[in-house]
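Comments concern the structure below.
In this text, all values refer to a predicted model and were calculated from it rather than measured experimentally. Chain identifiers are assigned alphabetically (A, B, ...) following the order of the sequence lines, protein sequences preceding nucleic acid strands; residue numbering begins at 1 within each chain.
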Amino acid sequence: MAKIIDRSISIGEFIPQPDDDLIICRCEEVTKGEIRRAVHDGMYTMTEIRRYLRTGMGLCQGQTCSKLVKGIVAKELGVPADQLEGGTSRAPVRPVEMKILANESEKEVSKHE
Amino acid sequence: MRIEEHPILGVPEKGKKVLFYFDGKPMEGYEGEPIAAALRAAGVLVHRHTMKQDKPRGIFCAIGRCTDCVMVVDGKPNIRTCVTPLTEGMKVQTQYGVSPK
Amino acid sequence: MNSSAEVLIIGGGVIGCATAYYLAKKGIEVIVLEKNQIGEGGSSRNGGGVRQSGRDPRELPLAMYAVEHLWPILSEELGMDVEYYKKGNLRLAKTPAHIKILEGLTSRAQAVGLKVQMIDGEEVRKINPHLSDEVIGASWCPTDGHANPMLTTLAYYKNARKAGARFITGEKVLELKKVKGRIRKVITDHSEYEAETVILAAGFESRKIANTIGIDIPMQRVLLEALVTEAQPKMFEQMLGTAEADFYGHQSTHGSFVFGGSSGMDAYTSDYDRPVTTSFTASCICRGIMKYFPELAEAKIVRTWSGWIDECADKVPVIDKVEEVPGLIVACGFTGHGFGICPAVGTVLSELAMGEQPSIDISGLKYGRFKAKI
Amino acid sequence: MKRIELIVIGAGPAGLSAAIEAAKTGMEVVVFDENAKPGGQLFKQIHKFFGSKEHRAKVRGYKIGQELLEEANKAGVNVILNATVIGIFENKEITVMAEDRIVHYKADYLIVATGASENMVPFEGWTLPGVIGAGAAQTLINLHGVKPGNKILMLGSGNVGLVVSYQLLQAGCEVVALVDAAKRVGGYGVHAAKVARCGVPFYLSHTIVKAEGEECVNKVTIAEVDESWHTISGTEKQFEVDTICMAVGLSPMSQLLKAAGCMMIEDNKRGGVVPKTDSYGQTSIKGIYASGDVSGIEEASSAMIEGRISGIAAAKDAGYLSETLFQEKVNSYHKAIDCLRQGMFAPENRGRTDLTSTEEGVLISQSLLTKGYVDETEIYRYPGVRTGIKGVHPVIECTQNIPCNPCQDACQRHCIKIGNSITSLPVVDETEICSGCGMCVAFCSGQAIFLVNEEYDENYATVTLPYEFLPLPKKGDQGKAFDRSGTEVCDAEVVEVRSAKVMDHTNLVTIKVSKDMAMKARFYKAIV
């Protein structure tokens, strides 16, 4: 169940920090500063951040950065990280070539492939 | 960088020695080991340069999760070299963004 | 907490956000109630088409107005790149039957003044050399294009919020209520809001909410699925679709390809409380894509998703003041092609809410238009 | 579409264990794993496991992996490798990617045992080649026989950081520092001690400020942090390195379960987002189970038991196991797992920094927590450390309540006593006479036992050390002895080297040192 959040309640000004240039999402090269700024632009959920900045939308699908992004967003919002719902997970959990995904087969997978 | 003999595991089992190409340069590795391991052993650390900032990247998780070690392998970009076995004559190229140079 | 406003919008999707933006810009007090989070429904899950071609003439004025006046300036206006490309739309045909469908759509669109034409396979490949020989023709509308739906929705939201619109997420609307003959109250599972005007733009869930005040719009939810590839070298900039509307997509600024498609079983998926991808649709979409673009065979799919569209009985939305309930404005039933017209819809909704004459012709999208066939 | 009674996703310790238990009841079981080799991370674990006999204590992880595989084969489990499950859909349908195709399967029961992925911590320069996960280091060394680098800094003092540091040393790498922002060493003290005595300096309350280098990392700066994790200027230290390893925790790899629609909860004690499960591992979706790290980060020993529990639970539900038999088995497994979840490193104590003494009321060594070794002034507090005993006797430098008791079983002479609670500190019973067999030294998974003969002759004492490095010293070698901190303390002569199959590559090196060094010398290096 989503929590009620009034997006007009102030979370304060965006204050630049020395480590804002730090890369957080390695795949999409999104920095800490960009994430923090996005929160001040009103992106309060992991999914909104993701759609706004592409964090976790790269090849690894957030395997490395999702926890880090969550921590940054939570800190910026002033809430505990475990109160933020993570982004959704979807198939495929590993990148799959189009021609493989297209090739649905009845042939069972055997031990010796 | 190869371990000749390990105090617990003994002498590492290896496949056949094969020739492969890194950015056109011939190199030696063992068949079946991950491309990334062969490159590390040969002293290659930079696997790619990123799209936005053009920064070097290499092995990070080594088990196919983080996708940082991707390279252009036999013409295909975004191949996870840490989980892709090396084969004879393989052409491995540094990836710039999503393409070879 | 003050819980009243001049205009209350139900639904924080792209329509709600755009409308909130145009209203707030004019200094109107707006509250947007969203059950989940911003852009949760079809707004973030669509293929990003900004098309005029292939549309029903009733909604074409909105599409043409948006393409002519609103989309070209949107990134600048919202201070954020919404990745709008006005590089044309190819609606592809592989069979004579497809050609026939396209010819019908094309002549109807031409009749209302849209510059769209039929071209043959060779001309298609001149525009997009990556397309396979299976394509024998297409309708070509050079002023169509695509944009990034997630960024567009969030850009509208960000600017509306900055202009003073109050967004409250996590508020599920349960009931609408009239007070002294006019719509007045919006009751949620947590509290109660009041407004002089209420705009209902909650996607397929609009129907249930409208029902609480005795209004019904004949629509159903249909599950659509889409997928996205890893970034690829730049290939083409057009928006693509097919005659049977079974496959559509484009290459994004990022380099990834976003493709949507149909398995043919979309209207018959199980009745779950969340949109879930089926095990077979993504594979089906891939097979479809590869017939058109053999060279994408090795591109990797990194993500698939699904979403419900609000399919209206006659496949065009209802955008109207509901006379029966003064103060209630309905904007739903977009049937999967609302994104491309969102700037125009936001504009007319803001006008309707302010009691102005809509600047774009929406006379074909009235609430009262649904009649039995005999 | 092929329908299988039980599909297990992941052939690691939990998945294989689950499959074995279910298959033993006659259930049809298929295990899919995306890797080319089964065993999950077990084959990278070259250290001896903790626990007691039933948990396969003192057996190295990779051997446990081999045993599990044999057991799985015997039970008729079909383990299919290079087969990636890319999605779980409604009605327990899965799609499997294998080679060039996608195959759909349905299951009556699904056990998801996908394990964990490593956490990472960002710092300036963390994207440079050469900055890697500790798991990557382990994979390169132990699976592929390649060193990740020559000069390495380890970030993280949990068990992974400690164990991998030791493995790096075993592979011939130099570990220049072990750094952790926490105030206290997070992993087992015995793991820390064996790294510290090799001379690796520990920097607790320190963090990485930046990694530098053009194309690859070649320098790293660390600094001390204050109470609020801010670096204190002026405390910076620089190291020349070619590799930085991060071992800052694991997160459950629960994406498949989440995508399947299982109810998920965020639980920091379990490492992050985990499925809500009952005591058999069943998620909110009937018939879908989660076991091992995916349902909460723990040691592999626990994962194996969790797997077995899920396996029999599915088998019982499917009618392959009677209620009574199930209860019997489940009780014993629950007992076994509870046993592992005792002590100061129990999951419920994760993150606690307020523990100051052991269950026995002995103060925990402060130097162990901050420097990685028990200082000489503190070592005598522990019941395993006794001096002044005639002849050869064990000195057990085991100072925390960890679930482990092979030393007790190793000693035929009953010199070592732990009792029924396996987390209790081992006690050396002075009334029993040590035979000097050295089995306790070889069997101690923490390499925390030494045999000391304080009166070898008039001037010298001997110390027998566990030794897992190459080259193995030879009798007569001259070298140096090092104390617990890795500081050289005196000359040493190797007087005996013992190796035996049963010791499984833990060699016993006995060195002769001057008498006053009997309780100091704890490591040996040849003179090069």
Side-chain angles (χ1 to χ4, degrees), chain A residues 1-11 14 25 27-30 34 37-63 73 77 83-105, chain C residues 1 12 31-32 34-40 44 80 148-151 153-155 157-158 160-162 164-172 188-191 227-231 254 256-257 277 279-280 282-290 293 296-306:
Chain A
M1 191 60 223
K3 268 199 336 280
I4 303 176
I5 313 169
D6 186 338
R7 304 291 180 103
S8 55
I9 291 170
S10 169
I11 55 160
F14 172 83
C25 170
C27 297
E28 294 296 323
E29 299 174 82
V30 183
E34 289 173 296
R37 200 175 274 283
V39 177
H40 289 268
D41 283 344
M43 311 306 146
Y44 283 14
T45 69
M46 291 296 286
T47 303
E48 287 166 14
I49 293 279
R50 179 176 184 143
R51 288 171 178 161
Y52 194 66
L53 297 172
R54 295 195 53 85
T55 47
M57 278 209 198
L59 259 189
C60 94
Q61 289 289 295
Q63 191 85 243
V73 174
L77 286 172
Q83 276 188 28
L84 277 184
E85 208 171 311
T88 45
S89 299
R90 299 174 200 281
V93 294
R94 297 280 180 271
V96 186
E97 276 183 27
M98 199 175 278
K99 67 175 184 207
I100 297 177
L101 194 52
N103 184 23
E104 286 173 293
S105 167
Chain C
M1 183 165 72
I31 289 178
V32 182
E34 163 58 43
K35 180 176 90 165
N36 207 309
Q37 55 192 336
I38 304 301
E40 183 57 16
S44 299
M80 209 175 115
N148 183 321
M150 301 181 285
L151 293 180
T153 306
L154 293 171
Y157 157 67
K158 169 183 161 183
R161 180 174 169 269
K162 222 160 57 183
R166 202 170 136 209
F167 286 81
I168 301 168
T169 53
E171 277 282 36
K172 182 181 179 181
T188 71
D189 52 355
H190 294 98
S191 72
L227 52 81
V228 62
T229 70
E230 63 192 336
H254 167 258
S256 53
F257 286 88
T277 50
S279 66
F280 48 81
S283 293
C284 168
I285 297 172
C286 289
R287 288 190 290 271
I289 297 166
M290 282 162 58
F293 292 106
L296 283 182
E298 280 165 1
K300 292 187 205 71
I301 311 302
V302 295
R303 197 171 164 85
T304 65
W305 66 88
S306 61

Do [X] and [Y] come within less than 4.5 Å of each other through their side chains, counting heavy atoms only?
X: C:Leu154; Y: A:Arg51; value: yes
X: C:Met150; Y: A:Arg50; value: no
X: A:Arg94; Y: C:Lys300; value: no

Toward chain A, the part of [X] with a non-hydrogen atom under 4.5 Å:
X: C:Ile289; value: side chain
X: C:Glu40; value: both
X: C:Thr229; value: side chain
X: C:Tyr157; value: side chain

Quiz item: Among all residues two or more places apart in sequence or in another chain, which pass the ring pair (Phe, Tyr, Trp, His ring centres under 6.0 Å) test with C:Phe293?
Solution: C:Phe236
Quiz item: Quick one: of C:His254, C:Met290, C:Glu298, C:Glu230, who has the most non-hydrogen atom pairs under 4.5 Å with chain A?
Solution: C:His254
Exercise. Give, as side chain, backbone, both or neither, the part of A:Thr88 having an atom under 4.5 angstrom from any heavy atom of chain C.
Key: both
Checking the side chain of [X] only, and the main-chain atoms of [Y] only, is there a donor and an acceptor separated by less than 3.5 Å?
X: A:Glu48; Y: C:Gln37; result: no
X: A:Arg7; Y: C:Arg161; result: no
X: C:Ser283; Y: A:Leu101; result: yes

Practice problem: For residues A:Arg90 and C:Ser306, report the shortest heavy-atom separation together with the two atoms involved. | Solution: NH1-N, 4.4 Å
Self-check item: Spatial distance of atom OG (A:Ser8) from atom NZ (C:Lys162) [nearest 0.5 Å]
Solution: 15.5 Å
Exercise. Mind checking the CD1-CD1 spacing from C:Ile168 to A:Ile5? Nearest 0.5 Å is all I need.
Key: 11.0 Å
Quiz item: CZ of C:Arg287: more than 12 outside heavy atoms within 6.0 angstrom?
Solution: yes
Exercise. Flag the one option from A:Glu97, A:Met98, A:Met43, A:Glu104 with the top tally of heavy-atom pairs under 4.5 Å to chain C.
Key: A:Met98
